[in-house]
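From a predicted model like this one, the values you see are computed outputs, not experimental measurements. In what follows, every heavy atom counts, from backbone to side chain, and hydrogens, waters and symmetry copies are set aside. Every chain is numbered from 1 and lettered A, B, ... according to where its sequence line falls, protein lines coming before strand lines.
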Amino acid sequence: MDYKAVEILENEIRLRDVESFHPKHIFECGQCFRWNRIHEEDETRFQGIVHGKVIRVHLRGQDVHLENVNMEEFNSFYKEYFDLGRDYDKVKKELRKDPLLNEAVKFGYGIRVLNQEPFETLISFILSSNNLIPKIKEGIRKISEKYGKEIVFHGETFYAFPTPQELSQATEEELRGLGVGYRAKYIYETTQAVRGAELMKEAEKTRALTEEEKQLLPYDLSMIAQLPEEACHKALQSYSGVGAKVADCVMLFSMKKKEAFPVDVWVKKAMMHFYGAEGTNLPKIRAFGQKQFGGLAGIAQQYLFYYAREKKIRVE
DNA sequence: ATCCAGGTCCCAG
DNA sequence: CTGGGACATGGA
């Protein structure tokens with residue numbers, strides 16, 4: 001456990017003596033898109049929209065404060081969301097046995113890989129393809145504002161990311177109007193597939209499905225989340241707009257598959273920088289990463305990504 | 001203005 | 001199976 005105790009304060013909880021938890025590292029390492037720094041200068045205070053609530057996180061000394069979270073919510077959701085069941089000192093110790101990874105781990109020492117919600121993560125990373133992080137965040141915010149539930153926090157209005165049912169109301173044209181470009185088609189088709197499977201799963205309880213209806217069942221996202229590594233990776237790629245990299249991100253960031261190893265331009269640069277993995281293509285780098293880091297490959301990837309992007313490392 | 005961004009799709013060989 | 005171009009969008 002990376003904290004000693006949980007205490008209740010007024011409308012917030014406090015985790016005492018927390019190890020391996022730095023808000024800047026966690027929220028700026030590229031794994032999530034709905035968190036923002038609230039005060040300029042303050043790298044330890046962030047606000048995010050998670051699980052239908054607006055919450056804030058800040059670091060005070062060795063303690064982590066979670067504002068607008070009560071004990072019940074912490075135990076039933078946010079503890080897992082922040083991956084607090086995992087001992088990151090142990091993870092880092094293991095990864096640092098590889099001297100080449102040592103520098104990246106030292107740099108992003110406060111990273112934790114969040115356990116986010118699958119549908120939101122799926123749509124978010126479809127949006128991420130060939131896109132810029134500020135634009136990805138903007139697209140997700142606009143989708144939420146148009147289709148998600150309203151949340152009022154401190155007199156200000158925010159919007160939760162829509163459920164599959166809510167987003168299934170959107171047309172492709174409407175989505176395109178939000179500035180997501182050619183990804184509108186992918187988001188539309190994937191949402192329809194996820195929602196279609198949900199409906200069939202529900203219908204299945206009361207009647208027999210037709211052959212045509214049965215073909216929608218493989219798109220059941222909660223079923224896919226239960227699949228083992230390779231089957232999960234493959235199943236995710238049956239959604240429109242989801243290739244190897246996006247599938248790895250969804251598995252890693254929302255399905256607890258820490259052996260997933262997303263390879264994007266930055267991780268590729270990092271692998272070339274540290275391991276001289278020159279010229280090799282993406283699938284080869286992915287396989288190399290998984291062989292090198294095993295069940296912790298995804299976490300290793302996050303240290304590498306953060307290091308490569310923050311340092312803007314270059315390779316010839 | 002041209003290039004590029006946490007890639008995917010689609011087609012040719 | 002592998003390599004290369006097209007694809008919306010907008011900021012640098």
- prompt: For the residue pair A:His58 and A:Phe46, is the inter-centroid distance of their aromatic rings smaller than 6.0 Å?
  reply: no
Aromatic centroids of A:Phe125 and A:Phe33 separated by under 6.0 Å: yes
task: Given side chain to side chain donor-acceptor pair (under 3.5 Å), test A:Glu229 with A:His233 step by step and report yes or no.
output: CA-CA 6 Å; A:Glu229 150 83 17; A:His233 191 243; 5.9 Å; no
query: Taking C-beta and beyond as the side chain, do A:Phe274 and A:Leu304 meet within less than 4.5 Å on heavy atoms?
result: yes
message: Need one value for A:Arg309: base, sugar-phosphate or nothing, where a base atom within 4.0 Å counts as base even if backbone is also close, heavy atoms only.
response: nothing
- prompt: Which part of the nucleic acid, if any, lies within contact of A:Cys32, taking any heavy atom under 4.0 Å across all strands shown: a base, the sugar-phosphate backbone alone, or nothing?
  reply: nothing
[atom1]-based separation of [M] from [N] [nearest Å]:
N      : M      : atom1 : result
B:dC4  : C:dG5  : C1'   : 15 Å
C:dA8  : B:dC11 : P     : 15 Å
C:dG11 : B:dT8  : P     : 24 Å
B:dC3  : C:dA6  : P     : 12 Å

Outermost nucleotides of DNA chain C that come under 4.0 Å of a non-hydrogen atom of chain A: C:dG3 to C:dG10
query: A:Arg141 side chain to A:Tyr159 main-chain N or O, any donor-acceptor pair under 3.5 Å?
result: no
Check: A:His65 main-chain N/O paired with A:Arg14 side-chain donor or acceptor under 3.5 Å: no
task: Classify the angle between the aromatic ring planes of A:His22 and A:Tyr109 as parallel (below 30°), tilted (30 to 60°) or perpendicular (above 60°).
output: perpendicular
query: Taking a pair as Watson-Crick or G-U wobble with both distances under 3.5 Å, which nucleotide is matched to B:dG6?
result: none
field: Whole-Å gap separating P (B:dG6) and CD1 (A:Ile140)
entry: 13 Å
- line: Under a 4.0 Å heavy-atom criterion, the protein footprint on nucleotides 7-13 of chain B, written with B, S and -, is BSS----
query: Can A:Arg60 and A:Asp63 be counted as an ion pair, charged N to O under 4.0 angstrom?
result: no
message: Give the residues of residues 293-308 of chain A touching DNA chain B, defined as any heavy atom closer than 4.0 Å, sorted by residue number.
response: A:Gln301, A:Gln302, A:Phe305
- request: Verify salt bridge (charged side-chain N to carboxylate O under 4.0 Å, His left out) between A:Glu94 and A:Lys90, making sure each step is shown before the conclusion.
  value: CA-CA 6 Å; A:Glu94 182 64 30; A:Lys90 207 167 134 193; over 6 Å; no
- request: Give, for atom CD of A:Glu103 and atom OH of A:Tyr307, the distance between the pair rounded to the nearest 0.5 Å.
  value: 3.0 Å
- prompt: Given the rule in the side chain to side chain donor-acceptor pair (under 3.5 Å) test, do A:Ser20 and A:Lys92 qualify, once you have shown the distances and angles that lead to the verdict?
  reply: CA-CA 9 Å; A:Ser20 303; A:Lys92 289 186 284 188; 2.8 Å; yes
